[in-house]
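The structure appears below as structure tokens.
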Amino acid sequence: MSNDLAAVTERIIVLLEQIERGEHPDRAGLEITLTDGYACALWVDAECDRIERRLTEHAAQLSEASGEEHTRQLSALARLLDRRRRELASLRSLLAGLRTGVQSARVA
């Protein structure tokens, strides 16, 4: 899904750039991209939930005898969760801009 996320993000950025230039992209294309963007946002949000559960499970198993590998796994999960949350925030921001563009296209 990461490739889909990158592709959808790129499509949103292209559409936003067209809108900023005063161009009027195809409304159907705007709405399809918006729908795809929301689907990606839901996927990333669900991925964050899964990572949080894995973090909780690993943390619950943490003990003095857990070892270095367990600590590395926790650290990797924490970094992944942080990256996914940033991706989600960025995508949501782009989607908000595109949603405004779609609403403007409906009026035009």
Side-chain angles (χ1 to χ4, degrees):
M1 184 57 136
S2 290
N3 290 339
D4 291 343
L5 176 60
V8 169
T9 299
E10 181 60 29
R11 287 175 25 213
I12 292 170
I13 290 170
V14 167
L15 288 170
L16 288 171
E17 288 171 350
Q18 290 175 349
I19 292 167
E20 282 183 23
R21 290 191 303 264
E23 299 172 13
H24 299 286
D26 175 59
R27 188 168 74 191
L30 281 169
E31 291 180 359
I32 289 168
T33 301
L34 191 59
T35 300
D36 291 347
Y38 284 128
C40 282
L42 287 172
W43 178 85
V44 175
D45 193 39
E47 179 71 6
C48 287
D49 288 344
R50 286 188 292 273
I51 295 167
E52 287 173 352
R53 281 193 301 274
R54 288 175 56 201
L55 266 169
T56 300
E57 290 168 5
H58 275 69
Q61 297 170 2
L62 192 61
S63 68
E64 290 182 28
S66 295
E68 199 172 304
E69 179 60 30
H70 198 73
T71 303
R72 274 196 292 270
Q73 290 174 355
L74 278 170
S75 180
L77 285 170
R79 285 190 306 273
L80 179 59
L81 180 59
D82 181 60
R83 185 172 63 243
R84 290 290 187 244
R85 284 181 175 161
R86 283 185 278 119
E87 289 171 346
L88 183 58
S90 175
L91 181 57
R92 284 179 174 161
S93 175
L94 290 171
L95 286 167
L98 188 59
R99 184 176 51 243
T100 300
V102 168
Q103 290 168 344
S104 297
R106 285 182 183 147
V107 171

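We number each residue from 1, following the sequence as shown.
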Quick one: does any side-chain atom of [X] pair with a main-chain N or O of [Y] as donor and acceptor, under 3.5 Å?
X     : Y     : answer
Ser93 : Ala89 : no
Thr9  : Leu5  : yes
Ser90 : Arg86 : no
His58 : His70 : no

State, to 0.1 Å, how close [X] and [Y] come at their nearest heavy-atom pair, and which atoms those are.
X     : Y     : value
Leu95 : Ala41 : CD1-CB, 4.2 Å
Cys48 : Leu81 : O-CD1, 3.7 Å
Leu77 : Ile51 : O-CG2, 3.5 Å
Val8  : Gly37 : CG1-CA, 3.5 Å
Leu74 : Ala59 : CD2-N, 3.8 Å

Would you check if [X] and [Y] make a side-chain contact, meaning some heavy-atom pair closer than 4.5 Å?
X     : Y     : value
Leu30 : Ile19 : yes
Asp82 : Arg79 : no
Leu91 : Ile12 : yes

*Would Arg53 and Glu57 pass as an ion pair if we require N to O under 4.0 Å?*
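Answer for the salt bridge query: no.
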*Is there a salt bridge (charged side-chain N to carboxylate O under 4.0 Å, His left out) between Glu52 and Arg85 once you walk through the steps?*
CA-CA 11 Å; Glu52 287 173 352; Arg85 284 181 175 161; 2.3 Å; yes
*CD/Glu69: more than 12 non-hydrogen atoms of other groups inside 6.0 Å*: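 For Glu69, atom CD is crowded (more than 12 foreign heavy atoms under 6.0 Å).
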*same_hphob_cluster(Tyr38, Ile13) at 4.5 Å side-chain heavy-atom cutoff*: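 Tyr38 clusters together with Ile13.
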*Does anything in residues 6-20 pair up under salt bridge (Lys or Arg N to Asp or Glu O under 4.0 Å), and if so which pairs, sequence neighbours excluded?*
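The answer is Arg11-Asp36.
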*Measuring from Arg50:CZ to Asp45:CG, what's the distance to the nearest 0.5 Å?*
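Nearest 0.5 Å value for the CZ-CG distance: 10.0 Å.
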*Between atom CG of Asp49 and atom CZ of Arg84, what is the distance when rounded to the nearest 0.5 Å?*
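So the gap between those two atoms works out to 13.0 Å.
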